[in-house]
Amino acid sequence: MDADHHPFPTNALRQWYGRAKRDLPWRGSSDPYTIWISEVILQQTRVDQGTPYYHRFLSAFPTVTDLANAHEDEVLKLWEGLGYYSRARNLHAAAKQVTTGPGGCFPNTYEGLRSLKGVGPYTAAAIGSIAFDLPVACVDGNVTRVLARFHGITDPVDSAPVIKAIDRSAQGALDIQSPGEHNQAMMELGATVCLPRNANCEQCPLQAGCNAYRLGLVDSIPMKSKRTKVRERYFHFLVLTDGEHTVVERRPAGDIWQGLYQFPMLESDRTLDADEVLAHYRIKGAVLADSHGPVRHILTHQRIFGRFFEFRVKHLPPSIADPVPWQDLERLAFPRLIHHYLNKKMLAHSKKV
DNA sequence: TAAACGTGGCA
DNA sequence: TTGCCAAGTTT
C-alpha cells in the first residue's frame with residue numbers, strides 16, 4: 001500500500017513549524033481545560049469559524065467547575081450557530097465527570113481522557129500530548145492527508161486497513177521529545193501548506209521525501225470512497241402568539257438539532273400551505289398574521305425547506321406547550337434556520353417601534 | 001461498519 | 001448549483 005520506506009523528516013518539520021506557525025489564541029498554554037475546549041470547538045470546524053466561540057466560551061466558563069455548574073441551556077446558547085451540538089452537550093457532561101470524579105481534577109492519562117464524553121482518539125491524543133507530554137500521535141484530517149501523500153497511499157483513506165496504517169505511521173513519526181509540538185506541527189502543515197486543493201509543495205519541509213510529490217499524485221491523494229447522499233425534508237413551524245407570548249418546544253433526541261428549541265413543527269414529505277398546517281394543529285380562532293419561506297437550509301446530508309406561519313390568537317391554548325414571553329427567546333438556543341427567521345422578525349419589530 | 005450529526009467557505 | 005471539505009465522535 002505504501003510505495004516507500006523513507007524515514008519521516010521530523011527535524012525538518014519541527015524547524016518549519018518554529019518559523020511558520022500561526023499565532024492562535026489557544027497556543028502557548030498547557031492548561032488541559034482550555035486545550036480541551038479549543039480541540040472540541042475545532043472538531044470539523046475551521047479556525048476562523050471557531051475562534052470567536054472559543055473566546056466567548058472561556059469568558060463565560062473560565063474553569064471546568066464553572067462549566068460543570070452551568071445549565072445546559074446556557075451551554076447550548078453559547079454553542080448556537082456552531083453546529084454539531086452534541087459537542088456542547090458532551091462538553092457539559094464531561095465537565096461534571098471531571099469535577100465529580102477522582103480528585104476532582106482533569107485526567108492526565110490517555111485512557112482517562114478517553115473516558116470523558118465527546119473525547120475520542122484524536123482529542124485524547126491532542127490534550128494528552130499538548131498538556132501532559134504524553135507520547136501519543138494525533139491523527140486528524142490534516143495528519144491523514146499529510147501522511148497519505150508522504151507515503152503515496154492511493155487507496156481510499158476511509159478504509160479500515162489504510163486508517164490503521166496511517167495510525168501506525170503517525171505514531172512512528174512522533175517526536176517523543178516534544179509530542180505536543182510535533183502533533184501541532186503536523187496539523188499546521190496540513191492546514192497551511194499540504195492543503196486539500198492547491199497544495200503549496202514549494203514551501204513544504206517534507207517535499208524531498210514525499211511520494212505524492214515525486215509521482216505527481218498530490219492532487220489525487222487522499223482518495224475517499226464514501227459518497228454523501230442528500231435527504232430532502234419539509235419543516236413547517238407554527239409561530240403561535242397572543243401578542244406578548246409565543247410557544248416553543250425542545251427538539252427531541254435521535255434527530256438533528258437535539259436539545260435546541262423550535263416552534264411547534266410539522267414535518268411532511270412536501271411543502272404544505274397554511275391551511276394544512278392549521279388543520280393539523282386544530283387551533284380555534286387562529287388568524288394567519290404572516291408567513292415566511294420556504295427557506296432552503298443546506299446541510300451536509302440533508303436539504304431542509306423551512307416555512308414559518310405566524311398565527312394570532314386571543315388566548316394561547318395550554319395543550320401544545322408552555323407560553324413564553326417573546327423576550328425570553330433570546331436565552332434559548334435555536335438552529336440557524338430559525339435564528340435567521342427570528343433576526344428578521346426582531347428587526348421588523350424594532351422598526352415599527 | 002456505516003450513517004448521523006451543522007455550518008460556512010470555496011471552486 | 002453542486003459537491004467537497006474543516007483540529008471527529010457516537011451509535
Nearest of [options] to any side-chain atom of [X]?
X	options	result
A:Thr300	C:dT10, B:dG6, C:dA7	B:dG6
A:Arg46	B:dG9, B:dA3, B:dC5	B:dG9
A:Thr45	B:dC5, C:dT9, B:dG6	B:dG6
A:Leu299	C:dA7, B:dC5, B:dG6	B:dG6
A:Thr123	B:dG6, C:dG8, C:dA6	C:dG8
A:Arg296	C:dT1, B:dT7, C:dA7	C:dT1
A:Pro196	C:dC5, B:dG6, B:dT7	C:dC5
A:Gln44	B:dA3, C:dA7, C:dG8	C:dG8

Does [X] have a side-chain nitrogen or oxygen under 4.0 Å from the phosphate oxygens OP1 or OP2 of [N]?
X	N	answer
A:His297	B:dT7	yes
A:Trp257	B:dA4	no
A:Arg231	B:dA3	no

When you compare B:dA3 with C:dA7, how far apart are their P atoms, in angstrom units rounded to a whole number? 23 Å
Spacing of the P atoms in B:dG6 and C:dT11 (rounded, Å): 13 Å
Should A:Leu82 and A:Arg87 count as side-chain neighbours, where that means a heavy-atom distance under 4.5 Å? yes
Distance-only donor-acceptor check, side chains A:Gln43 and A:Thr123, under 3.5 Å: yes
Does the side chain of A:Glu39 come under 3.5 Å of the side chain of A:Tyr122 through a donor N or O and an acceptor N or O? yes
Atom pair distance, as rounded to whole Å: [atom1] in [X] and [atom2] in [N]:
X	N	atom1	atom2	value
A:Gln302	B:dG6	CD	P	9 Å
A:Arg197	B:dG9	CZ	C1'	9 Å
A:Ile41	B:dG8	CD1	P	16 Å

What parts of residues 74-100 of chain A reach DNA chain B, counting only heavy atoms under 4.0 Å away? A:Gly81, A:Leu82, A:Gly83, A:Tyr84, A:Tyr85
Polar side-chain atom of A:Arg149 near backbone of A:Ala212 as donor-acceptor pair, under 3.5 Å: no
Between A:Ser178 (side chain) and A:Gly180 (backbone), is there a donor-acceptor pair under 3.5 Å? no
Nearest 0.5 Å please: distance from the CD atom of A:Gln184 over to the CD1 atom of A:Ile130. 4.0 Å
Is it true that atom CZ of A:Arg22 has more than 12 heavy atoms of other residues, nucleotides or ligands lying nearer than 6.0 Å? yes
